[in-house]
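The block underneath contains the structure these notes are about, expressed in structure tokens.
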Amino acid sequence: MTAPMVNLTIEGRPVAVPPGTNLVEAAKQAGVLIPHYCYHPGLPVAGVCRMCLVEVEKSPKLAPACATAVAEGQVVHVHSEKAREARKGVLEMLLINHPLDCPICDQSGECELQDYTYQEGRADSRYREPKRFNPVEDFGGDVMYVPNRCILCTRCVRFMDDVAKDTVLNVTERGDRAHIGKFEGKDLTHPWAANVVDLCPVGALLSKDFLNKARAWELDRTASVCTGCSQGCNIIVETRDNVVMRFRPRSNEAVNEFFMCDHGRMNYRGLNRRDRLEVPTILGPRGHEAVDWEVAIDAAVRVLKGKRAYVLASPNCSNETLHLLSRLVKKTNGVGSFRVDQGIEAPLPGVTDLALRADRAANGRGAELVGFTRNETPLAGLQAGDALIIADHALSRADLEMAGRASAVIVLSSTMPAGLARADVVLPTCTVVEEEGSFTNLRGRVQRFLQAKAAPGLARPGWYVLADVLQAMGESTAFFLARDVFQDLATSNPAFAGLSYDQLGLRGLPIAGQAAGVAS
């Protein structure tokens, strides 16, 4: 039996929320943002910044919204004169020792202290004494600490204590000398430690990797899915001038809540490689020659004619690309195989079922669902006379030796496989940030990713190239968008039955017969 909803009024707007909801979250339901610093929905409540003070009718004093639960009939005023004056005083206190670093601060443009000072702070400062100064400190890992900017919200301390379960940080000293310190012999080399940079509401904790690279207002942001492991964390891809600058976590309570691991963050570097395949090529008497797409597609069809297609597909290919590869396999009575690179599993203890998984691939589950076989030696079944199709899959030394059995090789990839001796046809494809598609994570949740940047040269999405190949082989493939391919997948594969891009949205849905929840 569900508890009855609590009805209250916030800024004149009626709202009904579950019992136990705090006023910050209740106000969000009413479309009202209560200014706050120390509060975060993924962390325990501390109530130390006093920025979220609001006026509650019939209450003798202002209430901290983060630590005040809703009550039936409450009437809350967020922007009353009394509440605004209190927040103005809090801002004045926070700015007493805060340096005027905005022109050189990485947080500038997305800083909550900037935003709230502009909205509700004083027009000038009454403080005339010298500000305190402390040197910048390296916290280890990818994190550096600028104590002069710190407002002691303690989000970083609570994350490491209560979510990462690794007691590294603390509040050192007291009063105007207080700052965030490290326990002796410890630093932020935890695999999830870089989340403290995202949690910091000001520019006190910074990423060393991103330091001074770009300003917030220069970046374009796109919803995507991390390919670092099979967890499928939701992320935001930030680009500038068609270059990926960084990854940041995107909230999804069913997958990764508000966090992402450090391994996934650094995966953006591989998306800026300079050795990209940009034009289709075919192997001729004088080596590889650049050709138009129509010529390359015809060449691929000629190479495949009368042969069994042996497809080595990357488990980071999208569901759409894998689906059309599986159609190609069926048409030629071929084989589909893949290998998943392995790493150390690193759970985030404070979040149920969230970890950097041992399987370092985004779509191994999707590959299995469309009929591909997982194998540590994926080319073991390759026979003489087969046409080998390498779909964005890296090759080991053993793979390179086995690839020599094939009578023909087609490369369908964003980069040329290292060490490959011969490729009859090379078809350049997009990376995950250059196309639209979907992945299926280890728990069977299908999630969409969107295009964040343009592809180099004449590179095309993998599904687009395969649709042309199948069409040239006599198949009916009237696919013009990724959603068209996914619709064909949902129609033909029972696991994806009933799903569509519109239903998936940007939070995803489980495949047929799969429980809806992953993380809680």
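Not measured: the values here are computed from a predicted model.
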For [X] versus [Y], what's the shortest heavy-atom pair and its separation?
X	Y	value
Ala313	Leu325	CB-CD1, 4.0 Å
Ala223	Leu506	CB-CD1, 4.0 Å
Asn195	Pro249	OD1-CG, 4.3 Å
Met416	Val426	CE-CG2, 4.0 Å
Val143	Asp138	O-OD1, 3.4 Å
Gly385	Ser407	O-OG, 3.1 Å

Worksheet entry | With Glu112 via side-chain hydrogen bond (donor to acceptor under 3.5 Å, both in side chains) - residues at least two apart |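 Testing Glu112 for side-chain hydrogen bond (donor to acceptor under 3.5 Å, both in side chains), a comparison that skips the adjacent residues, returns none.
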Fill in: is_close_aromatic(Tyr464, Phe479), centroid dist under 6.0 Å
no
Within the 4.5 Å heavy-atom criterion, are [X] and [Y] side-chain neighbours or not?
X	Y	value
Tyr37	Leu113	yes
Leu388	Ile410	no
Arg221	Val237	no
Cys200	Cys156	no
Met160	Leu188	yes
Val202	Cys111	yes
Val425	Leu283	no
Met144	Phe139	no

Reported [atom1]-to-[atom2] distance for the pair [X] and [Y], which is rounded to 0.5 angstrom:
X	Y	atom1	atom2	result
Met473	Leu328	CE	CG	5.5 Å
Leu369	Leu322	CG	CG	10.0 Å
Ser224	Arg448	OG	CZ	11.0 Å
Asn234	Arg445	CG	CZ	8.0 Å

Can you list every pair that meets ring-ring contact (aromatic ring centres under 6.0 Å, His included) and has a residue in [range], with sequence neighbours left out?
range	result
residues 430-456	Phe439-Phe449
residues 242-282	His40-Phe258, Phe159-Phe259
residues 299-342	none

State plainly whether the residues [X] and [Y] are in salt-bridge range, i.e. N to O under 4.0 Å.
X	Y	result
Arg397	Asp399	no
Lys453	Glu238	no
Arg265	Asp142	no
Glu218	Lys213	no
Arg360	Glu345	no
Arg365	Asp359	no
Glu376	Arg339	no

Discussion item. Quick one, Ser438 with Gln447, criterion side chain to side chain donor-acceptor pair (under 3.5 Å). Give me CA distance, side-chain angles, the key distance, then yes/no.
Written reply: CA-CA 5 Å; Ser438 64; Gln447 303 181 106; over 6 Å; no
Return yes when atom [atom1] of [X] has more than 12 non-hydrogen atoms of other residues, nucleotides or ligands closer than 6.0 Å, and no otherwise.
X	atom1	answer
Ile344	CD1	no
Lys305	NZ	no
Lys208	NZ	yes

Practice prompt. Starting from the C-alpha separation in whole Å, work towards a yes-or-no answer on salt bridge (charged side-chain N to carboxylate O under 4.0 Å, His left out) for Asp106 and Arg215.
Written response: CA-CA 7 Å; Asp106 269 3; Arg215 311 305 305 227; over 6 Å; no
Apply side chain to side chain contact (heavy atoms under 4.5 Å, CB included) to [X] and list each qualifying residue two or more places apart in sequence or on a separate chain.
X	value
Ala361	Pro315, Asn316, Val340
Pro349	Lys165
Asp220	Thr239
Pro417	Ile390, Leu395, Val411, Leu420

Partners meeting ring pair (Phe, Tyr, Trp, His ring centres under 6.0 Å) with [X] (sequence neighbours left out):
X	result
His393	none
Tyr39	His36
Phe372	none

What side-chain donor-acceptor pairs closer than 3.5 Å can you find for residues 285-304, not counting sequence neighbours?
unit_1	atom_1	unit_2	atom_2	d
His288	ND1	Thr281	OG1	3.2
His288	NE2	Ala423	O	3.0
Trp293	NE1	Leu458	O	2.8

Less than 3.5 Å apart, any donor N or O on the side chain of [X] or [Y] sitting next to an acceptor on the other?
X	Y	result
Ser108	Gln114	yes
Thr440	Asn319	yes
Asp392	Ser414	yes
Asp488	Thr491	no
Thr189	Asp187	yes
Asn256	Gln231	no

Worksheet item: If you draw the axis of the six-membered ring of Tyr501, does the NZ or CZ of Arg483 fall within 45° of it and under 6.0 Å from the ring centre?
Response: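 The answer is no; the distance or angle limit is not met.
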Item to complete: Take Arg276 and Glu434 through the test salt bridge (charged side-chain N to carboxylate O under 4.0 Å, His left out) and record every step on the way to the result.
Response: CA-CA 13 Å; Arg276 291 289 303 279; Glu434 295 162 358; 2.8 Å; yes
